Amino acid sequence: MEIISQKKVLSAENILLVVFLLLAFLFSFHQIHDPDTFYHIKAGQVIWEKGYVPTSDIFSYTATGNMWVTHEWLAEIIFYLIYANLGIWALIGFSALLACITYLIIIKLAVKKGANTYIALLFGFIVAYGNFGFWLTRPGIFAAFFLVFLIYFLEKYREMPQKLYLFIIPLIVWLWANMHASFVLGLVVLAFYAVALKAQSKFPDYFGRTALGDKWINYLFLISFVSFIVSFLNPNTYKIFLYSAYVQPLSKIFDIIEYRPVFEALNSRTVQIFLAELILLGAFLTWRLGIRKETRDLTTLGLFIGVSLMPFISARHIIFWPFVTIVPLAVGISLTFNETIKKFGHKFLPILLFMFAIPFLAKGVIMFPSEPVNHITLPVDAVNFIKQNNIKGPLFNSYNDGGYLIWGLWPQEKVTIDSRSEVFVGTPVQKYLSVVSLESNWKQIIDSEYKINYFILPYWFQSFITDSSALFSALSNDNFKMIYWDDNSIIMLKDTPKNEDVIEKYGITNVDPFIQPEDVSENINETYDELKKLSERFPDSITIKDYLKRFYLSHNLE
């Protein structure tokens with residue numbers, strides 16, 4: 001028995017399953033480059049230590065007391081506890097591990113419904129590959145996990161209904177509603193299952209047959225209603241249902257990429273892969289689940305079509321697509337080509353999959369991050385500089401940097417703005433735009449209203465909203481001095497008596513980061529001396545090294 005058991009454990013199917021999960025882990029293990037991750041950790045810390053969930057802003061000085069829909073509060077506590085006890089690497093690892101669990105559930109469900117294990121693993125990875133980039137260390141990953149968990153239990157309910165699910169499914173929705181506002185998708189999926197199964201029960205020739213009796217289908221309507229009711233049991237009550245509407249105004253103002261529909265991001269490789277797979281695999285699934293009467297299944301096809309349309313509203317929804325595609329695709333291919341797979345599959349498929357996996361394993365290892373946090377996309381070093389030199393605010397920051405600054409500087413400093421879009425609707429964002437656009441009242445806002453002492457200007461990221469070059473020039477002419485420049489940020493400090501020591505030590509007067517080194521025509525030697533000081537001060541800055549090299553070569557310096 002022991003020998004048989006060991007052989008079963010070491011079977012090709014199990015080994016390849018482990019390889020698949022290892023690939024999922026490697027490709028979901030991303031260096032943190034999103035500032036939102038850090039404000040989520042800080043929010044989790046506040047909730048954990050204070051013992052309550054804030055529903056009004058506490059992190060900014062421009063919108064203090066404004067409505068904050070803390071729809072991710074439970075996920076934020078989890079993030080904070082992992083970080084506080086195990087560190088940032090462990091938090092990234094947790095996110096990747098959750099990806100493994102999510103894909104494991106979906107693969108197991110595919111096999112349970114009749115898919116060949118090798119086919120499920122092969123096409124599971126093909127469908128998931130373009131999606132791994134969306135699996136970031138953010139609360140949104142719980143949305144994908146709960147969607148899969150919900151589908152798993154709904155499919156179990158279809159096959160063998162039990163009253164136990166009357167308690168499990170609402171519990172899933174309640175947890176989801178306290179971790180991410182996308183729980184509304186779960187409610188829609190639940191209601192759709194109930195309606196679609198009712199249609200299959202009443203009109204099997206048109207919508208496909210179901211073995212589920214009317215009593216159990218009616219219970220599913222009850223489960224949907226109970227799940228809707230329990231989803232109100234969250235700190236934000238009904239507001240969580242309106243979250244998408246609350247964030248729309250700022251999402252449009254800042255043209256946030258992840259909120260764009262996929263057809264506005266056709267240059268993205270991830271979007272290109274998604275659209276190609278959607279066309280090819282969608283055609284197969286439409287034929288098998290819709291056109292072919294023998295295998296028609298309105299519930300599965302409707303779920304696939306509904307979730308497939310979501311990225312055309314917002315590209316961020318691509319993360320859900322593999323989880324409604326892998327199961328029907330793997331089952332469909334396995335049953336459609338059953339005889340061929342039986343004849344050749346067990347001999348050739350394991351070898352094919354091992355050969356297929358090797359280059360991807362190598363790529364995953366090569367791409368594995370050497371540092372947990374990206375210092376180019378996040379103002380890590382700028383925050384350290386501010387702390388080391390005890391520079392006091394009020395500060396003015398960009399929309400993109402706010403999340404990390406909450407993490408690094410709060411509660412000593414509050415931010416101007418961050419990505420909690422519902423918080424800054426109205427006057428806060430209007431004043432922010434007045435400053436960054438240099439409108440006629442910009443000086444009054446920074447001097448009289450906000451009394452700004454220093455600016456953190458984004459350098460690596462520029463957009464029509466955040467044009468640091470114009471603001472840098474205006475500040476340079478308005479008694480602000482550049483004291484810091486690296487790959488991510490520029491710090492401009494107000495030239496006042498209380499700041500004179502810092503300015504004397506770090507002040508840069510001749511270098512303009514927004515003028516190409518070849519175009520500098522005045523104070524060549526002084527500029528070169530300052531560039532050398534910057535290079536010594538920030539030896540890891542790729543930007544300064546490149547600027548210094550180009551300046552040196554273009555001006556024939558020795």
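The structure displayed is predicted, hence computed values, not measured ones.
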| query | Side chains of W176 and S182: do they bring a donor and an acceptor to under 3.5 Å? | reply | yes
| task | Would you give the length of the straight line joining atom CG of N234 to atom NZ of K239, rounded to the nearest 0.5 angstrom? | result | 11.0 Å
| request: Determine whether the side chains of N510 and E526 contain a donor N or O and an acceptor N or O closer than 3.5 Å. | output: no
| query | Looking at L266 and L275, what are the two nearest heavy atoms and their distance? | reply | CD2-CD1, 3.5 Å
| task | For this output row, return yes or no: ring centroids of W48 and F79 closer than 6.0 angstrom. | result | no
| Side-chain contact, heavy-atom cut-off 4.5 Å: V380 with N374? | no
| said: Using every non-hydrogen atom in the two residues, find where Y399 and D418 come nearest and quote the distance to one decimal. | reply: CE1-O, 3.3 Å
| note | For P369 and H30, the nearest pair of non-hydrogen atoms, with its separation, is CG-C, 4.5 Å
| Exam field: side chain S314 to backbone H317, donor-acceptor pair closer than 3.5 Å | no
| Output field: ring centroids F424/Y432 closer than 6.0 Å | no
| So, does D495 use its side chain to make a donor-acceptor pair with the main chain of N479 at under 3.5 Å? | no
| field | Any side-chain heavy-atom pair of T37 and D34 under 4.5 Å | value | yes
| query | Going by heavy atoms in the side chains, are W485 and P513 under 4.5 Å from each other? | reply | yes
| query | Is the distance between the ring centroids of F274 and W321 less than 6.0 Å? | reply | yes
| Does R316 make a cation-pi contact with Y259 (under 6.0 Å, within 45 degrees of the axis)? | yes
| query | Is a side-chain N or O of D487 found less than 3.5 angstrom from the main chain of I542, in a donor-acceptor match? | reply | yes
| request: Hey, could you give me the OG1/CD1 distance between T102 and I319, rounded to the nearest 0.5 Å? | output: 8.5 Å
| request: For K451 and N453, test the side chains for any donor-to-acceptor distance below 3.5 angstrom and give the result as yes or no. | output: no
| said: If we ignore hydrogens and angles and just use 3.5 Å, is the side chain of D486 paired with the main-chain N or O of S489 as donor and acceptor? | reply: yes
| field | Interatomic spacing from CG in L91 to CG in N85 - rounded to 0.5 Å | value | 11.5 Å
| query | So, for I508 and E530, which heavy atoms are closest and what is the spacing to 0.1 Å? | reply | CG2-OE1, 3.2 Å
| query | Hey, do the aromatic rings of F59 and W410 have their centres closer than 6.0 Å? | reply | yes
| task | Check whether the side chains of S554 and E518 place a donor and an acceptor atom closer than 3.5 Å, and report yes or no. | result | no
| said: What verdict does the side-chain contact (heavy atoms from CB on, under 4.5 Å) test give for V425 and Y246, after you've listed the backbone C-alpha separation in whole Å, the side-chain angles of each residue and the deciding distance to 0.1 Å? | reply: CA-CA 8 Å; V425 172; Y246 292 145; over 6 Å; no
| task | Look at the side chain of N236 and the backbone N and O of T70, then say whether any donor-acceptor pair between them is shorter than 3.5 Å. | result | yes
| field | Full working for side-chain contact (heavy atoms from CB on, under 4.5 Å) between I491 and F455 | value | CA-CA 6 Å; I491 298 177; F455 281 73; over 6 Å; no
| Do the side chains of N178 and P235 get nearer than 4.5 Å, heavy atoms only? | yes
| query | For the residue pair W442 and V435, what are the closest heavy atoms and their distance? | reply | CB-CA, 3.8 Å
| request: Would you please indicate if the ring centroids of F132 and Y103 are separated by under 6.0 Å? | output: yes
| task | Would you tell me whether N488 and D381 have side-chain atoms, one donor and one acceptor, within less than 3.5 Å of each other? | result | no
| request: Answer yes when K494 and D478 have at least one side-chain N-carboxylate O distance shorter than 4.0 Å, and no when they do not. | output: no
| said: What I want to find out is whether K505 reaches D501 closely enough, with some N-O distance under 4.0 Å, to be called a salt bridge. | reply: no
| request: Please answer whether the main-chain N or O of T62 pairs with a side-chain N or O of T416 as donor and acceptor at a distance below 3.5 Å. | output: no
| request: Would you check, one step at a time, whether the test side chain to side chain donor-acceptor pair (under 3.5 Å) holds for K443 with N441? | output: CA-CA 6 Å; K443 276 182 57 57; N441 61 338; over 6 Å; no
| message | Strictly distance-based, threshold 3.5 Å: is any side-chain N or O of Q31 a donor or acceptor partner for the main-chain N or O of E371? | response | yes
| task | Applying ring-ring contact (aromatic ring centres under 6.0 Å, His included), run through F94 and W89 and close with a yes or a no. | result | CA-CA 9 Å; F94 168 79; W89 280 113; over 10 Å; no
| message | Check the orientation of H71 and Y243. Use parallel for under 30°, tilted for 30 to 60°, and perpendicular for over 60°. | response | tilted
| message | With a 6.0 Å cut-off (strictly less than), is the heavy-atom count around NZ of K533, excluding the residue itself, greater than 12? | response | no
| task | Supply the atom-to-atom distance D529 CG to I524 CD1, rounded to the nearest 0.5 angstrom. | result | 11.5 Å
| What's the verdict on ring-ring contact (aromatic ring centres under 6.0 Å, His included) for F183 and F146, showing C-alpha distance, side-chain angles and the deciding distance? | CA-CA 8 Å; F183 79 97; F146 283 119; over 10 Å; no
| request: Would you confirm whether the ring centroid of Y129 sits within less than 6.0 angstrom of the ring centroid of F27? | output: yes
| Are side-chain heavy atoms of Y450 and K431 found at a separation under 4.5 Å? | yes
| note | Tightest non-hydrogen contact, residues L409 and I386, listed as CD2-CG2, 4.1 Å
| Centres of the F472 and F480 rings: under 6.0 Å? | no
| request: Would you confirm whether the ring centroid of F396 sits within less than 6.0 angstrom of the ring centroid of Y454? | output: no
| Short question: side chain of D57, backbone of N66 - any donor-acceptor pair under 3.5 Å? | no
| Separation between CD1 of I376 and CG of D540, rounded to the nearest 0.5 Å | 10.5 Å
| message | Are the side chains of F368 and F29 in contact, using a 4.5 Å heavy-atom criterion? | response | yes
| said: With heavy-atom distances below 4.5 Å as the criterion, would you say the side chains of M482 and V511 are in contact? | reply: yes
| field | Between F38 and W407, ring centroids under 6.0 Å | value | yes
| task | Give a yes or no answer on whether the side chain of E258 reaches the backbone of A315 with a donor-acceptor pair at less than 3.5 Å. | result | no
| message | For I456 and I490: C-alpha separation, side-chain torsions, deciding distance, then whether side-chain contact (heavy atoms from CB on, under 4.5 Å) applies. | response | CA-CA 6 Å; I456 303 177; I490 294 168; over 6 Å; no
| query | Out of curiosity, E72 CD to H40 NE2, how far, rounded to the nearest 0.5 Å? | reply | 4.0 Å
| request: Determine the interplanar angle of the F385 and Y484 rings, folded into 0 to 90°, and report it as parallel if under 30°, tilted if 30 to 60°, perpendicular if over 60°. | output: tilted
| query | E422 side chain to V69 main-chain N or O, any donor-acceptor pair under 3.5 Å? | reply | yes
| Can you check side-chain contact (heavy atoms from CB on, under 4.5 Å) on D447 and I452, steps first, answer last? | CA-CA 6 Å; D447 291 335; I452 299 300; over 6 Å; no
| query | Are side-chain heavy atoms of Y404 and V383 found at a separation under 4.5 Å? | reply | yes
